[in-house]
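All residue numbers in this chain count up from 1 along the given sequence.
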Amino acid sequence: AMGTLSTEIVQLILGNVWLDAAPIFTILAFAAIWQPVCSTVGWIFVSGGKTRRMFAWVCLAAPLILLSFVAGLPWGAMGVATGYAVCNLLLIIPEFSFALKGSPIPVRDVVAVLYRPLAMSVIIALTMTVARRGVVESNPLLIVMVCLATGVITFLILARAVSSVRLDLKDLWDIRRTLFSKPAIA
C-alpha cells in the first residue's frame, strides 16, 4: 500500500515540498516487504544455537549492503535506495540457505510458505494501482481511502478464495481470543 500510494502519503504527511521524495519512498517500501522475512532468519540462528554462524552472515552481508549504497551513489538518493532494495532481495535465498544449513528445514519449504502471501501482496498492490489510476479526484486523502478500501476488499476476496489463508486467519483469531480472553475465576 505504501509503495502504491507513496505520492499521496508523502503529500499528506510531509506536504507538497517533499513530493520529490515519493519515488524514493516507493523503492524503500519495496525493500520493506523483505525486512520482516529476513528478520526471521535471526530466530533460526538463535534457536538453532548458531550465533557464531549468524555473526559470520552479518560479516558477509554488511559489506555487500554497504557496497550497494556505494554502487548507487552516482544516481543519487534514488540509486542508493534502489541498490539497497536490490541487494536485500538478492540476499534472501542465500541468507536462508546459510541459516538453514544443517537444519532439517529445506529452503524450498521456506519459499513455499512465503509464496502465497507474496502473491497475494502483488495482487492487492495491482488492484490498488488500478484503483489509484481510476480515481479522478486529486484529493490525496480520498485517493488513499479509496485505494485502501480496494486493498481490503481484494484481501477479503482472496482470503475467502484460498483455504490456507482462511485457516491462517482462523488461527490468528484463535490466538487473539486466547490472549485477550478473561481468565476463568475458580
- Indicate, with yes or no, if Met54 and Ile65 share a hydrophobic cluster defined by side-chain heavy-atom contacts under 4.5 Å among Ile, Leu, Val, Met, Phe, Trp and Tyr. yes

- Task: Return the minimal non-hydrogen interatomic distance between Ser6 and Ala22, and the atom names on each side.
- Result: OG-O, 3.3 Å

- Report yes if the side chains of Val130 and Leu126 come closer than 4.5 Å at any heavy-atom pair, otherwise no.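 SC-SC contact between Val130 and Leu126 ruled out.
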
- Kindly give the heavy-atom pair with the smallest separation between Leu73 and Val80, and that separation in Å. CD2-CG2, 3.8 Å

- Message: Within this structure, what is the CG-CD1 distance for the pair Leu28 and Ile33, rounded to the nearest 0.5 Å?
- Response: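 Going from the CG atom of Leu28 to the CD1 atom of Ile33 covers 11.5 Å.
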
- Item | Flag if over 12 foreign heavy atoms under 6.0 Å of CZ, Arg177 |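 More than 12 within 6.0 Å, yes.
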
- State, to 0.1 Å, how close Leu60 and Pro63 come at their nearest heavy-atom pair, and which atoms those are. O-CD, 3.4 Å

- Message: If hydrophobic clusters are built from ILVMFWY residues whose side chains come within less than 4.5 Å, do Ile124 and Trp34 share one?
- Response: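 The answer is no; the residues belong to distinct hydrophobic clusters.
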
- Between Ile153 and Met145, is there a shared hydrophobic cluster once you connect ILVMFWY residues whose side-chain heavy atoms come closer than 4.5 Å? no

- Message: Quick check: do Phe96 and Val37 have side-chain heavy atoms less than 4.5 Å from each other?
- Response: yes

- Single-linkage hydrophobic cluster, 4.5 Å side-chain cutoff, Val111 and Val162 together: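 Different hydrophobic clusters.
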
- Should Val41 and Phe98 count as side-chain neighbours, where that means a heavy-atom distance under 4.5 Å?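 Heavy-atom side-chain distance check fails, nothing below 4.5 Å.
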
- Task: Working to the nearest 0.5 Å, report the span between SG of Cys147 and CG of Leu142.
- Result: 9.0 Å

- Query: To the nearest 0.5 Å, how far apart are CG in Leu90 and OG in Ser68?
  - Reply: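 With rounding to 0.5 Å, CG (Leu90) is 10.0 Å from OG (Ser68).
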
- Query: Looking only at heavy atoms, which two atoms of Ala159 and Met120 are closest? And how far apart?
  - Reply: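 In this case the closest contact between Ala159 and Met120 is N-CE, 4.4 Å.
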
- Message: For the residue pair Ser164 / Arg116, report whether a side-chain donor-acceptor contact shorter than 3.5 Å exists.
- Response: yes

- Query: If we only count heavy atoms from C-beta on, is the Asp109 to Leu100 side-chain gap below 4.5 Å?
  - Reply: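 No, every pair of side-chain atoms sits at 4.5 Å or beyond.
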
- Message: Contact between Trp75 and Thr82 at the side-chain level, heavy atoms closer than 4.5 Å - yes or no?
- Response: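 A side-chain contact under 4.5 Å is absent here.
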
- If two hydrophobic side chains count as joined below 4.5 Å and joins carry through other members, does Leu14 share a cluster with Ile143? yes

- Taking the six-membered ring of Phe45 (Phe, Tyr or Trp), confirm whether the NZ or CZ of Arg53 is under 6.0 Å from its centre and within 45° of its axis. no

- Message: Using every non-hydrogen atom in the two residues, find where Ile24 and Ala81 come nearest and quote the distance to one decimal.
- Response: CG2-CB, 4.0 Å

- Message: How about CZ on Arg176, more than 12 heavy atoms from neighbouring residues, nucleotides or ligands closer than 6.0 Å, or not?
- Response: yes

- 4.5 Å side-chain heavy-atom contact, Phe30 and Thr26: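 Counting from C-beta outward, Phe30 and Thr26 never come under 4.5 Å.
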
- Check whether any side-chain heavy atom of Met128 sits under 4.5 Å from a side-chain heavy atom of Leu148, and report yes or no.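 Side chain of Met128 against side chain of Leu148, heavy atoms only: contact under 4.5 Å found.
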
- Value for CG (Asp174) from OG (Ser181), rounded to nearest 0.5 Å, stands at 11.0 Å

- Item | Minimum heavy-atom distance Arg132-Leu5, with the two atoms named |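 In terms of heavy atoms, the two residues are closest at CD-CD2, 4.3 Å.
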
- Value rounded to 0.5 Å, distance of CG in Leu172 from CG in Asp168: 7.0 Å

- Taking the side chain as every heavy atom from C-beta outward, state whether Cys87 and Phe69 have any atom pair closer than 4.5 Å.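 Not in contact.
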
- Item | Phe25 side, atom CZ; Thr7 side, atom OG1 - distance, nearest 0.5 Å |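 Result: 10.0 Å between the selected atoms.
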
- Please indicate whether Arg166 has more than 12 foreign heavy atoms, meaning atoms of other residues, nucleotides or ligands, lying under 6.0 Å from its CZ.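 Correct, the count exceeds 12.
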
